[in-house]
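Within every chain, numbering begins at 1; the chains are lettered A, B, ... in the order of the sequence lines, protein sequences first and strands thereafter. Heavy-atom basis, side chains included; hydrogens, waters and symmetry copies ignored.
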2 protein chains.
Amino acid sequence: MSKAVPRFEECCHPLTAAALDEAEAVVLAEALRVLADPARLRLLSLVATAPDGEACACDLVEPLARSQPTISHHLAMLVEAGFLTREKRGRWAWYRVVPERLELLRSALQPEAAQA
Amino acid sequence: MSKAVPRFEECCHPLTAAALDEAEAVVLAEALRVLADPARLRLLSLVATAPDGEACACDLVEPLARSQPTISHHLAMLVEAGFLTREKRGRWAWYRVVPERLELLRSALQPEAAQA
DNA sequence: TGGCCATATCGACAAATGTCGATGTGAACG
DNA sequence: CGTTCACATCGACATTTGTCGATATGGCCA
C-alpha cells in the first residue's frame with residue numbers, strides 16, 4: 001500500500017481530452033479511490049474547516065464515530081495520497097489539507113482541460 | 001445497488017465549505033467510488049472522446065481488454081450514477097457522457113465553493 | 001419463422017477493503 | 001524512572017467488488 005514515488009502529475013490527465021490508457025487510468029483511479037470513502041471525506045472536510053486550517057487527530061475520532069485505529073488508518077491513507085500533511089508536535093499529530101492536490105484531481109474531471 | 005431516486009444534488013456539498021455529516025459523505029463517496037476504477041474511467045474517457053460524442057458498446061470491449069459482461073456491468077454502473085446516458089438503437093447501445101454530472105462532482109472538490 | 005448478433009443478467013469466486021481489539025512506540029510529566 | 005497519554009501498527013474478520021463463463025433477451029435479416 002506504500003509507493004516509493006507518488007506520481008501525482010501522472011494522476012490527472014483530463015478524462016475528456018484524450019482516451020486514457022490503462023496505466024493512466026490506474027493512477028487516477030487510485031487517487032479517486034482514496035476519496036471514495038465516507039470516513040475519509042469527512043476527515044478531509046473536518047480538517048479543511050478547522051480553525052487555522054489544521055486539526056489534531058485527537059479531535060477527529062469522536063465526530064467520526066469510529067475507533068481510534070480506524071481513524072489513524074484513514075488519515076495515513078490521506079497523507080500517503082497527498083491530500084493531507086501530518087506534523088507531529090509533542091504527543092499530538094496535526095493535519096492540514098493540500099489544496100493543490102485536490103485541484104489536481106479536479107483538473108482530471110474538467111471538460112476540455114488545458115493541462116499544459 | 002439500485003436507487004429509486006438518485007439524489008445528485010445532495011451529492012456534492014463542497015468539502016471545504018462546511019464539515020460533511022455522515023449522510024452527505026456517503027452520497028458523495030458513492031459517486032466517487034463509481035469513478036474510482038480504471039475500467040470505468042477508461043470507458044468514460046473513450047465515450048467522451050468518441051466522434052460526435054457518442055460511442056457504441058460494441059467498440060468499447062476490445063480496447064478495455066475485458067470480457068463483454070464486465071464492460072456491460074461497468075457501463076450500467078456509470079449510467080445508474082448519472083455519468084453516462086444509454087440510448088438503444090436497433091441492436092446497438094449508444095452511450096453519451098453527461099458533463100453536468102462531472103461538473104457536479106468537481107464542485108464538491110472545489111475550495112470555498114459557493115454552492116448557492 | 002429460424003437463426004444470428006449485440007447486449008444484459010446470473011451465479012460464482014478470488015482479491016481488496018473497512019472495521020475492530022490488542023499491542024507497540026515514543027513523548028511528556030510527576 | 002515509571003506512568004500516562006496520543007498515536008501507529010498488527011492480526012483478524014465480514015463485506016464488498018471486479019472479473020469471468022454461462023445463459024437469457026430481444027432486434028434484425030434471410
Using 4.0 Å as the upper bound for N to carboxylate O, is an ion pair formed by E30(A) and R33(A)? no
Take the protein atom [atom1] of [X] and the nucleotide atom [atom2] of [N], then report the distance between them rounded to whole Å.
X	N	atom1	atom2	value
R42(B)	dG18(D)	CZ	C1'	15 Å
M77(B)	dT16(D)	CE	P	13 Å
R40(B)	dT19(D)	CZ	C1'	12 Å
L78(B)	dT17(D)	CG	P	14 Å
H74(B)	dT19(D)	NE2	C1'	7 Å
L64(B)	dT7(C)	CG	P	13 Å
R33(A)	dA15(C)	CZ	P	17 Å
R66(A)	dG21(C)	CZ	P	14 Å

With a 4.0 Å cut-off on heavy atoms, is R89(A) in touch with a base, just the backbone sugar-phosphate, or nothing at all? nothing
Taking [X] for the side chain and [Y] for the main chain, is one N or O donor matched with an acceptor at less than 3.5 Å?
X	Y	value
T49(A)	S45(A)	yes
E24(A)	D21(A)	yes
R101(A)	A81(A)	yes

Residues, nucleotides or ligands: over 12 heavy atoms within 6.0 Å of E62(B) CD: no
Would you give a per-nucleotide map of nucleotides 2-12 of chain D, 5' to 3', where B means the base has a protein non-hydrogen atom under 4.0 Å away, S means only the sugar-phosphate does, and - means neither? --BBSBBB---
In chain order, what residues pass the salt bridge (charged side-chain N to carboxylate O under 4.0 Å, His left out) check against E54(A), with sequence neighbours excluded? R89(A), R96(A)
